[in-house]
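Comments concern the structure below.
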Amino acid sequence: MSFENYENAIDFISSKFEFNFEETYGLLSFINKLFTKNENDGRDLVIRLLEKWDFIDENCKSFFNDIIESYGLYPYVDENLLTGSSFLRYELHKSPFLENVYLHEEQFEISTALQSDKSVVLSAPTSFGKSLLIEEVVASKKYKNIVIIQPTLALLDETRKKLSKYNDIYKVIVSTSQTPSQDKGNLFLFTGERVVEYNMFPQIDFFIIDEFYKLSLKRDDDRAITLNTALHRLLKHTNKFYMLGPMIKEIPIEFKQKYDLLWFPSDFRTVAVDEISMEISEKLKKKEKELKKKEELFDLLLNTEEPTLIYCSSPKKATELAVDFVSYLNENRPDFISDKENGSVMEWLHENINKSWFLIDGLKRYTAIHHGAVPRHLGSTIVDLFNKRSIRYLFCTSTLIEGVNTSAKNVILFDKKKGTKDIDFFDYKNIAGRSGRMNNYFIGNVYRFEARPNQLELDVDIPIFSQDDAPLEILINLDESELKESSKLRLQEFDGFDDEFKEILRRNASLPIQGQINILNEIEENIDKYFELLNWDNYPRYKNLEVVFELCWNNLLKSKDNKAGVLSGKQLASLAMKYNFKKSTRGVIDELIDDEYWVNKIPDELGRINYLSYFVLNVTRHWFDYKLPKWISLVNDIQKYAFNKRGLTYGNYTFYASQLENGFLPINLAALLEYDVPHSAISKIQKTLRVNDITTENLIASFKREGVEQRLKQIGLIKYEIDKIKSIN
């Protein structure tokens, strides 16, 4: 049996359930010939046929195994069917540092370079297995102090769990309050922001930047400024690094030349992907089209048993779509109830969010959400349940798409936007790359309800080197010797400021510099007014927060910035005061649900509960945990500078900023949030145990003592909270 081309072979494999000798041998012969003509197509056919391993002719399996080996897919090789030189090549690709792990052909090449003191920048598809090489570097014990930068807290949490097995070699540092070990190595698992903020680094020997394309300003990501500043800081320590990301065409020539690195762009894949168009061809109005899309989505999901990610443009959209899907299941499939054990999570939601929040019902029906508004520990639990198939349908945003490993057979591209912007081809391929999983699902499916974006290739600029279009927020932190002449000219406008204010600008470079200058000018021009309102310590009153947040809202926000549903600085101040008083998300949710404004705005109680639960969670993650502490610290610096210059007393907001950022927990306890422990559990521990003087590490060690589970039950922790504490490694 012979095949004309690659497409013909794909059609044949997908249409057949079983393959006789002639069919199997014909396929394998064609795949073997493709090796020299089009290796990527050949490898794709190998992977597709692997999914039907149990249904191919037994007499051909040894031949097929040799072909798998020849294509470099060593993780898929059956060593029992290998002989001679094939077996020797297979053993050569066994990781010397990871037990029973075999590297595919190109992973092995990268691993060899990293172990030979070569810095590597790798661009490869999601299924390449780029992050496995991070663990290899750690397991090799080659470097004492390593920094790993990842773009999301969800990805950092996943990495912490994976690398916790090396606790005897490295102290894993996940919070900026933790001090490095003097006795053993240190693994710093940070975002770019935390690298910039941390002030206790020892000499760093090696660093890793995951999703390094986020250095580029072309992605229109505000985090690029901070990530470039973090890179600049780490390069002061070492020129040994590993950067990884998908689909990058080129990196700056000056960067390659300066660090003599290995630039390795690859299209090596370990899963195959089928793309299915669900585009609606009818000409419909926007609302009608959205309704039609939703109907077809729900029908598709009911006929899909495998784990499925549904990509949505925003947390709000993902939540609303998930709410509607759960209602749809309740009405149309009341018998569709999970037999899996999600009860402990549901109990926590009942106690800490609201007993009627839709997610409790969703978990009964295989359905959940994952996005930036979901509490970190809950997001981590949801991913675990998804990978165990206790959740089948996961409505998500880019927070899950950017690197977190999930066992998803299907990815559904429901929206064409990422926030307010259209997704481009780069985003699309990143999302599609989440379908399929090595050794789990050989073939992933991508269902798209929108047109495929036009193909593009991304060149990553690194502004600390190119500088041509670098924003001032990056240039201001470079050394004089590193600045190009054109950059020095652009920085001349700051010559009129004294060194003290320049240092404020540098320290707060993640925020717009012109906005900082505008805030200083506003305070100085109205010194009497602001002296009365900004001269406060410890806990503020409403009028104090209102003026701080209005100054920042008017000068630091860009028009397209995510505001998490908040409409003004005044509303932020009101919400922050409620949070100050209640000191819990649940408390704020309960107060707003009964607020006359919200009762009138959303008369339906269940609709109000669902909306406000999401709204408060979103405000907590976006504003209280992250953005507001930065704003408060900036205004603290500026008011201190402005008033001190005039011999006036000044306020001190550092205590309040820290309290807000840490959820009103002591710093040593707040660090437990980084270990996937719920705020609710920490609050209960704080009230009943004398823990203020204990280090985070000693507190974690105390959780491993005999009888601790019973003690935690006695002080009121529920099963979900206890399980989270027990899972700390």
Side-chain contact test, heavy atoms from C-beta onward, threshold under 4.5 Å: evaluate it for Leu262 versus Ser119 and give yes or no. no
Is a salt bridge present between Lys488 and Glu485, judged by a nitrogen-to-oxygen distance below 4.0 Å? yes
Can a salt bridge be assigned to the pair Lys502 and Asp498 using a cut-off of 4.0 Å between side-chain N and carboxylate O? no
Could you walk me through whether Glu524 and Tyr530 pass side chain to side chain donor-acceptor pair (under 3.5 Å), step by step? CA-CA 8 Å; Glu524 289 186 328; Tyr530 285 109; over 6 Å; no
More than 12 foreign heavy atoms under 6.0 Å from CG of Asp468: is that the case here? yes
Return yes when atom NZ of Lys144 has more than 12 non-hydrogen atoms of other residues, nucleotides or ligands closer than 6.0 Å, and no otherwise. yes
Any carboxylate oxygen within less than 4.0 angstrom of a Lys/Arg side-chain nitrogen, looking at Lys218 and Asp461? no
In terms of side-chain heavy atoms, does Tyr614 have a donor or acceptor partner in Asn618 at a distance below 3.5 Å? yes
Distance-only side-chain donor-acceptor flag, Gln150 / Thr159, under 3.5 Å: yes
For residues 192-207, pull every pair meeting side chain to side chain donor-acceptor pair (under 3.5 Å), keeping only residues two or more places apart or in separate chains. Thr191-Glu193, Glu193-Tyr626, Arg194-Glu674, Glu197-Lys630
Nearest-0.5 Å distance that lies between atom CZ in Arg376 and atom CG in Asp625: 9.0 Å
What do the steps show when you test Tyr242 against Phe207 for ring-ring contact (aromatic ring centres under 6.0 Å, His included), and what is the final call? CA-CA 7 Å; Tyr242 170 41; Phe207 67 87; over 10 Å; no
Between Arg434 and Val411 (side chain of the first, backbone of the second, donor and acceptor by atom type, cut-off under 3.5 Å), is there such a pair? no
Tyr653 vs Ser633 side-chain heavy atoms within contact, under 4.5 Å: no
Just by distance, with hydrogens left out, do Asn186 and Asn145 show a side-chain donor and acceptor under 3.5 Å apart? yes
Is there a donor in the side chain of Asn518 and an acceptor in the side chain of Gln514, or the other way round, less than 3.5 Å apart? yes
I need the Lys214 NZ to Leu231 CG distance, nearest 0.5 Å. 15.5 Å
Shortest non-hydrogen pair, His232 vs Leu478, comes out as CD2-CD2, 3.5 Å
Exam field: side chain Arg223 to backbone Pro151, donor-acceptor pair closer than 3.5 Å: yes
Less than 4.0 angstrom from a charged side-chain N to a carboxylate O is my criterion; do Lys640 and Asp637 meet it? no
Centroid separation under 6.0 Å, is that true for the rings of Phe395 and Tyr311? no
Within a 6.0 Å radius of atom NZ on Lys417, are there more than 12 heavy atoms belonging to other residues, nucleotides or ligands? yes
Does the side chain of Leu261 come within less than 4.5 Å of Lys118's, by heavy atoms? no
Could you check whether Lys240 makes a cation-pi contact with Phe206, meaning its NZ or CZ is under 6.0 Å from the centre of the six-membered ring and within 45° of the ring axis? no
Is the closest basic N to carboxylate O distance between Asp427 and Lys418 below 4.0 Å? yes
Min side-chain heavy-atom separation Leu187-Ile173 under 4.5 Å: no
Is it true that, when you exclude Glu254 itself, more than 12 heavy atoms of the residues, nucleotides or ligands shown sit nearer than 6.0 Å to its CD? yes
Please check if any side-chain donor atom of Asn652 sits under 3.5 Å from a side-chain acceptor atom of Thr654, or the reverse. yes
Do the non-hydrogen side-chain atoms of Phe643 and Ile523 ever get within less than 4.5 Å of each other? yes
Do the ring centers of Phe255 and Phe241 come within less than 6.0 Å of each other? yes
When you compare the side chain of Trp631 with that of Leu572, does any pair of heavy atoms fall below 4.5 Å? yes
Before you tell me yes or no, could you show the steps for Tyr656 and Asp537 under side chain to side chain donor-acceptor pair (under 3.5 Å), namely the whole-Å CA-CA distance, both residues' side-chain angles and the distance that decides it to 0.1 Å? CA-CA 8 Å; Tyr656 176 67; Asp537 296 333; over 6 Å; no
Residue pair Asn636 / Gln639, side-chain donor-acceptor N/O under 3.5 Å: yes
Applying side-chain contact (heavy atoms from CB on, under 4.5 Å), run through Glu532 and Asn544 and close with a yes or a no. CA-CA 9 Å; Glu532 179 187 349; Asn544 302 133; over 6 Å; no
Roughly how far, to the nearest 0.5 Å, is the CG atom of Leu534 from the NZ atom of Lys543? 11.0 Å
Minimum heavy-atom distance Ile474-Pro463, with the two atoms named: CD1-CB, 3.8 Å
In Å, rounded to the nearest 0.5 Å, how long is the span from CZ of Phe465 to NZ of Lys484? 10.5 Å
Would you please test Trp536 and Arg541 for side-chain contact (heavy atoms from CB on, under 4.5 Å) and show each step? CA-CA 9 Å; Trp536 54 271; Arg541 296 179 180 180; over 6 Å; no
Distance-minimising heavy-atom pair for Val195 and Arg233: O-NH1, 2.6 Å
Is there any side chain to side chain donor-acceptor pair (under 3.5 Å) pair reaching into residues 549-559, and which pairs are they, with sequence neighbours excluded? Asp222-Lys558
Checking Phe264, Phe128, Trp263 against Ser123 for side chain to side chain contact (heavy atoms under 4.5 Å, CB included), the one that qualifies is Trp263
One thing to verify: whether Asp210 and Lys130 come together as a salt bridge, which I'm taking to mean a side-chain N less than 4.0 angstrom from a carboxylate O. no
Salt bridge or not between Lys316 and Glu320? Use side-chain N to carboxylate O under 4.0 Å. yes
Do Gln467 and Leu475 touch side chain to side chain, with heavy atoms closer than 4.5 Å? yes
Salt bridge present between Lys142 and Glu136 (N-O < 4.0 angstrom): no
So, for Met577 and Leu545, which heavy atoms are closest and what is the spacing to 0.1 Å? SD-CD1, 3.7 Å
Can you confirm whether Leu483 is buried at CG, in the sense that more than 12 heavy atoms of other residues, nucleotides or ligands lie under 6.0 Å from that atom? yes
Side-chain donor-acceptor pair under 3.5 Å between Thr397 and Lys317, yes or no? no
Check whether any side-chain heavy atom of Leu505 lies under 4.5 Å from a side-chain heavy atom of Phe494, and answer yes or no. yes
With side chain to side chain donor-acceptor pair (under 3.5 Å) as the test, would you mind laying out the steps for Asp157 and Ser380 before giving the verdict? CA-CA 8 Å; Asp157 190 62; Ser380 170; 3.1 Å; yes
Shortest non-hydrogen contact from Tyr641 to Ile504? CB-CD1, 3.7 Å
For residues Leu556 and Asp561, report the shortest heavy-atom separation together with the two atoms involved. O-OD2, 4.2 Å
Aromatic ring pairing Tyr579/Phe624, orientation class (parallel under 30°, perpendicular over 60°, tilted between): parallel
Quick one, Asn668 with Ser177, criterion side chain to side chain donor-acceptor pair (under 3.5 Å). Give me CA distance, side-chain angles, the key distance, then yes/no. CA-CA 7 Å; Asn668 62 329; Ser177 66; over 6 Å; no
Atom CG of Asp469 with >12 non-hydrogen neighbours under 6.0 angstrom: no
